[in-house]
Undergrad: 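Starting off with a structure, shown below.
All values derive from a computational prediction rather than experimental measurement.
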Amino acid sequence: PSVNWRYRSEPEKNTNFRQIPVPRGKLLGGSSAINGMVFVRGQRLDFDTWAQMGNKGWSYDDILPLYKKMENFKGKKSKLRGIGGLLNINEVKESNPLFDAIFAAGEMSNLSRNNDYNGADQEGLSLSQTTIDNGRRISSDFAYLNPIYKRTNFYLKTETLVTNLILKKNKCIGVQVKSKHKTYKYYANSEVILSAGSINTPQILELSGIGQRSVIEKNSINLVQELKGVGENLRDHIIPRLIFEIKKRNITFNDTARGLNLIKQGLRYFFNRSGFFSLPSAPLIGFYKTKPELSNPDVQLHFVPYRIIFKNGKRILSKKPGITCAINQNRPESRGSVHICSNNPLKSPKIKFNFLSSSIDIEALIGGIKKIRQLMSSKPMKELCGEEIQPGKEVKSDKELLNFMRDNSETAYHPVGTCKMGNDEFSVVNNELKVYGIKNLRIADASIMPTLISGNTNAVCMMIGEKCSDLILNKNVNKKI
């Protein structure tokens, strides 16, 4: 609870009425302080789609300079990659016979190795690029705030909950917060930037009287600005996980990071900043087209060199060696919502994912599962890989695979879109991230994404922050001129 908001989704029919965990970061740096540290920019198609939806200034060519500006990429130099930015990006250096076998399996099944999935082409298998440097997590706090803590014009207040925006007519003039049972008001000389994420940003707007009339009035809040899109358009990557037995010993962390070996891993990290404690959630990932007619990969594959079991409600490493292989569809069509159910800011909002409501999503995920099975049963994997443990080889038909997903899939922790950018009746911000109908208020977080990007969302969230910074600086430059 001290580092995670620990939200849970509402029970829904499409996921067999399970309440799916929705972890959100409660530390400086938000969810970049607890995420899996895999760095994925997304595809050109993702951002060109945003631009084609009417969001001028958000095409791939528009945002590429922002990615290059923020990166300090320590891999192979390229005109598409940045050097000298605040965010250190490294490639996984860990070697493992499992990784070698997966790459060999990919070569045999039209999924070759890609040396830079954040470069010109995303398709292929790759060792992950990470926000890890010398074994340390590079959160947005560490990269952006840590260097400026001593600035005289910078003030940071922790252990503080924003309860609502302070609005004067239709102008945002500050924020009201609670800290250690006391209420404080902070007023802005110019603009307020809301960056609370896809769950809490719509919550704060609704608590402030901005959103759908029915939601706001139902919770006894005065309506200030009706915006139908607040809390709508929630998209996330639903992620089924397959588990396979690994026959060869001492190549998974089930063998090399348990018992006394865990102490060895700790020493390895302490002296060399390597090993189990230095890795991202998935050291090897892939992007794949489930249909040959597709122009771009529609699924992401994640390979984790260990098997997890639940014991007393906690995830622990299994004693039996295994590999976990996960799949998510890159650009899901299923959309849900986030809305307040109380005017109490301490009350968690209602999160409805509406997962697996689109046949496109279901087909892509089933295609991804079949690709994983093909890789794991290939000749290079035969010496290492044993039986399929989850869901098991007896689960064969598309209907059976769908039932498995409904029973077991969770989120990849990539919620976006609940205050989407655009110019239709369900848009909340314009292409300059300004909230419609409210002066001096911008939003800069994952909630503004019109659609979900092809990959993990930490990188694009930081890019959105860079974009917002440029928009503000350009506005002030134009004022001076």
Undergrad: Hey, are R137 and D133 close enough for a salt bridge, meaning a charged N less than 4.0 Å from a carboxylate O?
TA: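 D133 and R137: not salt-bridged.
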Undergrad: Taking only Lys NZ, Arg NE, NH1 and NH2, and the carboxylate oxygens of Asp or Glu, determine whether E12 and K350 approach each other closer than 4.0 Å.
TA: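 A salt bridge is absent here (no side-chain N lies under 4.0 Å from a carboxylate O).
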Undergrad: Quick check against the 3.5 Å criterion: does Q329 have a side-chain atom that pairs as donor or acceptor with the backbone of E363?
TA: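 No; zero donor-acceptor contacts below 3.5 Å.
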Undergrad: State whether a side-chain donor-acceptor pair under 3.5 Å links S59 with W50.
TA: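 Absent: no donor and acceptor within the cut-off.
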Undergrad: For the residue pair D445 and T201, confirm or rule out a side-chain donor-acceptor distance under 3.5 Å.
TA: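 Present: a donor and an acceptor within the cut-off.
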Undergrad: Quiz question: by atom type and distance under 3.5 Å, do the side chains of H414 and N458 form a donor-acceptor pair?
TA: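 No, because no side-chain N or O of H414 sits under 3.5 Å from a partner of the opposite role on N458.
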Undergrad: Does a side-chain N-to-carboxylate-O contact under 4.0 Å join R44 and D61?
TA: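 Looking at D61 together with R44, the answer is yes, because their closest N to O distance falls below 4.0 Å.
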Undergrad: Salt bridge or not between K289 and E123? Use side-chain N to carboxylate O under 4.0 Å.
TA: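 Salt bridge flag = yes for E123 with K289.
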Undergrad: I need the S334 OG to D361 CG distance, nearest 0.5 Å.
TA: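 The OG atom of S334 sits 3.5 Å away from the CG atom of D361.
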Undergrad: Below 4.0 angstrom, N of the basic side chain to O of the carboxylate: do R442 and E191 qualify?
TA: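 Judged by the 4.0 Å cut-off on N to carboxylate O distance, R442 and E191 do form a salt bridge.
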Undergrad: Going by atom types only, do Y288 and N330 share a side-chain donor-acceptor pair under 3.5 Å?
TA: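 Checked: Y288/N330 side chains show no N/O donor-acceptor pair below 3.5 Å.
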Undergrad: Do D46 and R331 meet the salt-bridge criterion of a basic N to acidic O distance under 4.0 Å?
TA: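 Looking at D46 together with R331, the answer is yes, because their closest N to O distance falls below 4.0 Å.
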Undergrad: Does the distance from a Lys or Arg side-chain N to an Asp or Glu carboxylate O, for D470 and K69, drop under 4.0 Å?
TA: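 Looking at K69 together with D470, the answer is yes, because their closest N to O distance falls below 4.0 Å.
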Undergrad: Would E466 and Y144 count as having a side-chain donor-acceptor pair, cut-off 3.5 Å?
TA: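 Side chains of E466 and Y144: pair found under 3.5 Å.
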Undergrad: Cation-pi check, K157 to Y184: give yes when NZ or CZ is under 6.0 Å from the six-membered ring centre and within 45° of the ring axis, no otherwise.
TA: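 K157 over Y184 ring: yes.
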Undergrad: Sub-3.5 Å donor-acceptor pair from the side chain of T130 to the main-chain atoms of E91, do we have one?
TA: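 No; judged by distance alone, with no hydrogens or angles, the pair does not exist.
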Undergrad: Using ring pair (Phe, Tyr, Trp, His ring centres under 6.0 Å), reason through Y269 and F276 one step at a time and then give a plain yes or no.
TA: CA-CA 8 Å; Y269 177 78; F276 182 61; over 10 Å; no
Undergrad: Give, for atom OH of Y436 and atom NZ of K228, the distance between the pair rounded to the nearest 0.5 Å.
TA: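 The distance works out to 14.5 Å.
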Undergrad: Output yes when E71 and R81 qualify as a salt bridge under the 4.0 Å nitrogen-oxygen rule, no when they do not.
TA: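 Salt bridge flag = yes for R81 with E71.
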Undergrad: Is a side-chain N or O of T418 found less than 3.5 angstrom from the main chain of S198, in a donor-acceptor match?
TA: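 Side chain of T418 to backbone of S198: a pair is present.
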Undergrad: Tell me yes or no: between the side chains of N222 and E217, is some donor less than 3.5 Å from an acceptor?
TA: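 Absent: no donor and acceptor within the cut-off.
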Undergrad: Got a sec: does the CG of N312 have more than 12 other heavy atoms crowding it under 6.0 Å?
TA: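 No, because the 6.0 Å sphere around CG of N312 holds 12 heavy atoms or fewer from other groups.
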Undergrad: Hey, is E226 close enough to R213 for a salt bridge, meaning N to O under 4.0 Å?
TA: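 Yes.
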